[in-house]
Structures are given as structure tokens and as C-alpha cells.
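The figures that follow rest on heavy atoms only: side chains count, while hydrogens, waters and symmetry mates do not.
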Amino acid sequence: MRRFQGYAETLFEVGLQVDDRHIWWFHSNHEMWIQNKYSVEYSLDDLMGCTALVCYNDMLAEEIYHDLSQKGIRIPQDLSIVGFDNQNIKLDGDCYLTSVQHPRRKLGETAANLVWDMIEQGCNVAPAEPIIMPSTIVARNSIIRRF
């Protein structure tokens, strides 16, 4: 939910609105995580006018990539796709997933410290300021420039 909040706030900051038609929600459970599967429902009509997909994480991007490929959508010729976590996923042939790299270790340390603070001080502990983690886009060939 926090990733969506950041997405929505950033769109707002640059003068754009969140369009619910361009958001797909998914759910997962322990068994799905073990199998690297998600439950994402969409139709090809949902993609009309879209040039790219940005996915919650690389595993979801990989699953959607394979589903789209079976439906005849070519990545990146028809649609670019980006994930988060930078797992260096090979999608097919010579196509590798473009992804957002974030500091995994620092993210884990920060989360552990927040949990520790909650244990020590109670569940209502919250950082005074938002915690911003630096990130970079690792561009590979699952995206294409259209201009």
C-alpha cells in the first residue's frame, strides 16, 4: 500500500491524477509466494492506450510478461515492462527485465529497527519524517523509447 501511496503522491506533485483504470490490484498468500505466482486479473482491453507497465516487484513482472506473451503481446515492441527489486530476471531469449534497484540491506535494517522500537516503546511509534530510500532504475531491454 505504501508503494501505491508514493505513486499517487508523485503523480499529484507533477500535476497528474491517479486513473483507477490503470491500476491492477492483486493478492497473494504463502502458497503463491512459494510458487512465485500472484492472482492478477486483467483483460487486454485494460491495456488499450498503455505503453508500459510498472509492477509491484520483479516476480509479478515476470508472471505478467509470460501471460502477455501467451496472448501475443510482444515486450518491449508492443508494451514496456518494469519491476522493482532488481533480481536481473531473464524474461525470454535476450530480453531482461528493467527494474528499480533499492538498498535491500538498508531497507531491512530500517524495518528491523522500526519493529524493535515498536516492541520497546509500543505499537504507536512512527518516524517523525518519511523514510526515503535512494533508488535507481536499471534499464535493460524490456523497455523501449517511443519518442
Side-chain angles (χ1 to χ4, degrees), residues 1-44 46-47 50-71 73 75-76 78-146:
M1 198 61 173
R2 296 255 183 198
R3 286 186 188 186
F4 175 76
Q5 182 180 358
Y7 163 79
E9 288 172 0
T10 301
L11 285 180
F12 180 75
E13 287 171 9
V14 297
L16 299 173
Q17 293 184 4
V18 174
D19 186 339
D20 289 336
R21 295 173 300 161
H22 298 142
I23 310 284
W24 298 341
W25 294 99
F26 71 94
H27 72 275
S28 64
N29 59 36
H30 181 70
E31 184 176 312
M32 290 173 160
W33 276 95
I34 291 172
Q35 298 174 4
N36 291 336
K37 296 289 182 191
Y38 294 90
S39 179
V40 179
E41 296 180 18
Y42 66 95
S43 73
L44 291 181
D46 295 333
L47 297 174
C50 291
T51 59
L53 292 176
V54 178
C55 298
Y56 175 77
N57 63 25
D58 289 351
M59 290 183 344
L60 179 62
E62 182 179 23
E63 183 175 330
I64 289 175
Y65 167 83
H66 289 296
D67 185 58
L68 291 172
S69 293
Q70 290 176 352
K71 294 177 178 176
I73 304 296
I75 306 297
D78 299 327
L79 188 70
S80 294
I81 190 165
V82 177
F84 273 79
D85 300 329
N86 194 27
Q87 298 297 313
N88 196 23
I89 291 178
K90 183 176 184 178
L91 296 172
D92 208 6
D94 292 328
C95 187
Y96 286 84
L97 181 66
T98 294
S99 188
V100 177
Q101 171 72 48
H102 56 80
R104 291 184 195 108
R105 182 177 179 91
K106 183 168 176 56
L107 187 63
E109 289 171 355
T110 301
N113 287 328
L114 287 172
V115 169
W116 181 254
D117 289 346
M118 290 172 70
I119 291 168
E120 291 288 309
Q121 302 171 28
C123 289
N124 294 328
V125 173
E129 297 290 323
I131 299 170
I132 308 291
M133 296 283 170
S135 60
T136 57
I137 295 176
V138 180
R140 298 188 181 96
N141 56 354
S142 68
I143 60 172
I144 194 167
R145 292 195 140 212
R146 299 200 185 272

Asker: Using the test side chain to side chain contact (heavy atoms under 4.5 Å, CB included), find all partners of Asp92 that sit at least two apart in sequence or belong to another chain.
Answerer: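 So Asp92 forms a side chain to side chain contact (heavy atoms under 4.5 Å, CB included) with Tyr65.
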Asker: Okay, side chain of Asn57, backbone of Asp85: is any donor-acceptor separation there less than 3.5 Å?
Answerer: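 Pair absent, no side-chain N/O of Asn57 close to backbone of Asp85.
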Asker: Rounded to the nearest 0.5 Å, how far apart are CD1 of Ile75 and OG of Ser142?
Answerer: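 Nearest 0.5 Å value for the CD1-OG distance: 7.5 Å.
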Asker: Checking Ser99 now: which residues fulfil side chain to side chain contact (heavy atoms under 4.5 Å, CB included) with it, not counting sequence neighbours?
Answerer: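 Side chain to side chain contact (heavy atoms under 4.5 Å, CB included) check on Ser99 returns Asp58, Asn86, Arg140.
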Asker: Which residues pass the side chain to side chain donor-acceptor pair (under 3.5 Å) test with His66, sequence neighbours left out?
Answerer: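 His66 satisfies side chain to side chain donor-acceptor pair (under 3.5 Å) with no other residue.
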Asker: Sorted by first residue and then second, give each salt bridge (charged side-chain N to carboxylate O under 4.0 Å, His left out) pair with at least one member in residues 107-122; sequence neighbours left out.
Answerer: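 Listed by first then second residue: Arg105-Glu109.
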Asker: Can you name the side chain to side chain contact (heavy atoms under 4.5 Å, CB included) partners of Asp19, sequence neighbours left out?
Answerer: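 Asp19: side chain to side chain contact (heavy atoms under 4.5 Å, CB included) contacts with Arg21, His22.
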Asker: Any side-chain heavy atom of Ser80 sitting closer than 4.5 Å to one from Thr98?
Answerer: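 No. Closest side-chain heavy atoms not under 4.5 Å.
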Asker: Would you please name every residue forming a salt bridge (charged side-chain N to carboxylate O under 4.0 Å, His left out) with Asp67, sequence neighbours left out?
Answerer: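 In terms of salt bridge (charged side-chain N to carboxylate O under 4.0 Å, His left out), with neighbours along the sequence ignored, Asp67 is linked to Lys71.
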Asker: Within the structure provided, determine whether Phe84 and Val54 are in side-chain contact (heavy-atom separation under 4.5 Å).
Answerer: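 Side chain of Phe84 against side chain of Val54, heavy atoms only: contact under 4.5 Å found.
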Asker: Considering only distance and modelled atom types, tabulate donor-acceptor pairs under 3.5 Å from the side chains of residues 10-18, sequence neighbours left out.
Answerer:
from: Thr10; atom 1: OG1; to: Gly6; atom 2: O; distance (Å): 2.8

Asker: Can you name the residues that form a side chain to side chain contact (heavy atoms under 4.5 Å, CB included) with Leu114, not counting sequence neighbours?
Answerer: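 Listed in chain order: Thr110, Pro127, Ile131.
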Asker: What residues, two or more places apart in sequence or in another chain, satisfy salt bridge (charged side-chain N to carboxylate O under 4.0 Å, His left out) together with Glu9?
Answerer: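 Here no residue qualifies.
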Asker: Quick one: does Leu47's side chain get under 4.5 Å of Asp78's, heavy atoms only?
Answerer: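 Result no, sub-4.5 Å side-chain heavy-atom pair not found.
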